[in-house]
There are 2 protein chains.
Amino acid sequence: MKEPPYITPELHEAMRGVMVYVGGKIDSSKCPVRDVMDHIGDKWSSLLMVALGTRPHRFGELKRAVPDISQRMLTQTLRDLQADGLVSRHVFPTVPPSVEYRLTPMGESMMPPLMELMKWAAENHARIRQARLDFAESAAA
Amino acid sequence: MKEPPYITPELHEAMRGVMVYVGGKIDSSKCPVRDVMDHIGDKWSSLLMVALGTRPHRFGELKRAVPDISQRMLTQTLRDLQADGLVSRHVFPTVPPSVEYRLTPMGESMMPPLMELMKWAAENHARIRQARLDFAESAAA
DNA sequence: ATATATAGTTACTAATTGAGACCATGTTTA
DNA sequence: TAAACATGGTCTCAATTAGTAACTATATAT
């Protein structure tokens with residue numbers, strides 16, 4: 001887990017104008033934007049967060065919910081989410097052992113803003129796909 | 001730009017419960033969540049979106065705003081954002097030529113939900129960093 | 001006895017990203 | 001007049017990251 005790089009104070013300053021809701025309190029020494037986006041922005045995290053947002057899941061359930069994730073990446077992504085304090089892991093000493101993953105309170109607090117973005121994604125999906133077609137066509141011309 | 005994989009209809013169904021605001025209309029044939037997150041969720045897109053959300057930028061300005069992006073990735077990420085219809089590119093035939101990038105209306109429409117997530121990131125950044133320390137410590141023990 | 005399910009790990013390979021040199025043009029500096 | 005610099009890139013190659021497939025261990029069902 002590499003220390004994410006920063007963005008310029010200038011950009012932070014500029015963001016302040018856009019991020020009115022942030023409360024004017026942006027720690028410019030460490031960049032929260034990428035520190036967080038580098039994680040939930042990776043290929044699988046947001047998907048797993050959405051899955052776990054519906055209810056706790058066992059390892060195998062998550063694998064079935066996101067069928068094209070590899071076991072390796074599932075393990076790794078869950079560990080990262082756990083490290084970030086967004087997901088908690090509970091082992092039940094059954095046989096075979098079962099492991100349940102669920103959102104922590106902090107993880108749950110991320111869901112509303114995350115879902116806002118998902119909502120946008122769902123609403124604009126068709127437009128984006130069309131834009132890609134248009135772009136491909138104009139590039140070919 | 002590889003065709004992103006889907007998530008299961010079951011998960012889509014589950015998301016429906018969480019994504020009340022989505023209006024119950026989720027196209028299960030293509031997965032909007034990852035189709036969008038695969039893009040704005042990559043290492044640089046959200047950062048560039050935030051930068052462009054403040055005002056239009058020239059190529060070099062963006063490079064200075066996000067100083068640790070390589071020129072190669074800046075070009076590539078901008079092309080991808082352009083292909084998705086989030087960013088538009090305007091060449092001015094000055095000498096040397098100058099190129100301005102700005103958000104499209106669709107790009108602008110993404111800013112409020114994106115900023116909600118940024119706001120969350122800023123507010124929870126300290127907690128996340130602390131969680132990582134705790135996790136590293138508990139793993140070492 | 002074999003197959004299946006559990007939750008992973010490990011080694012190897014493929015894909016993505018990053019670092020840095022290079023390009024063309026014209027303007028400023030020495 | 002020549003060298004240096006700024007523009008917005010591209011190209012090649014090395015490093016990082018992700019994905020594939022095989023393997024682990026134990027217990028239950030067939």
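As the structure is a computational prediction, the values presented were derived from the model and not from experiment. Residue numbers begin at 1 in each chain, while the letters A, B, ... track the order of the sequences.
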Can you check the [X] [atom1] to [N] [atom2] distance for me, whole Å?
{"X": "B:Gln71", "N": "C:dT17", "atom1": "CD", "atom2": "C1'", "answer": "15 Å"}
{"X": "B:Met73", "N": "D:dT10", "atom1": "CE", "atom2": "P", "answer": "13 Å"}
{"X": "B:Gln76", "N": "C:dT17", "atom1": "CD", "atom2": "C1'", "answer": "8 Å"}
{"X": "B:Leu74", "N": "C:dA19", "atom1": "CG", "atom2": "C1'", "answer": "15 Å"}
{"X": "A:Leu62", "N": "C:dA7", "atom1": "CG", "atom2": "P", "answer": "9 Å"}
{"X": "A:Asp42", "N": "D:dT17", "atom1": "CG", "atom2": "P", "answer": "12 Å"}
{"X": "B:Ile69", "N": "C:dA19", "atom1": "CD1", "atom2": "P", "answer": "11 Å"}

* Side-chain H-bond candidate by donor/acceptor type, A:Ser45 with A:Asp42, under 3.5 Å -> yes

* Salt bridge B:Arg102-B:Glu100, side-chain N to carboxylate O under 4.0 Å -> yes

* **Side-chain (A:Trp120) to main-chain (B:Ser109) donor-acceptor, under 3.5 angstrom** => yes

Does [X] have a side-chain nitrogen or oxygen under 4.0 Å from the phosphate oxygens OP1 or OP2 of [N]?
{"X": "A:Arg58", "N": "C:dA7", "value": "yes"}
{"X": "B:Trp44", "N": "C:dG18", "value": "yes"}
{"X": "B:Lys63", "N": "D:dG9", "value": "no"}
{"X": "B:Arg72", "N": "C:dA21", "value": "no"}

Of the nucleotides [options], which one has an atom closest to the side chain of [X]?
{"X": "B:Arg89", "options": "C:dA11, D:dG8, D:dT10", "value": "D:dG8"}
{"X": "B:Ser70", "options": "D:dT7, D:dG8, C:dA19", "value": "C:dA19"}
{"X": "B:Arg64", "options": "D:dT7, C:dT17, D:dG19", "value": "D:dT7"}
{"X": "B:Thr75", "options": "C:dG8, C:dG18, D:dG9", "value": "D:dG9"}

* To do: Check the hydrophobic clustering (I, L, V, M, F, W, Y; side-chain heavy atoms under 4.5 Å; chains of links allowed) and say if B:Tyr101 and B:Phe92 are grouped together.
  => no

* Sugar-phosphate, base or nothing in reach of B:Tyr101, heavy atoms under 4.0 Å -> sugar-phosphate

* Have a look at B:Ser98 and say if it touches a base, only the backbone sugar-phosphate, or nothing, with a 4.0 Å heavy-atom cut-off. => sugar-phosphate

* Which of these, B:Met118, B:Met115, B:Met111, sits in a side-chain contact (heavy atoms from CB on, under 4.5 Å) with B:Met49? -> B:Met111

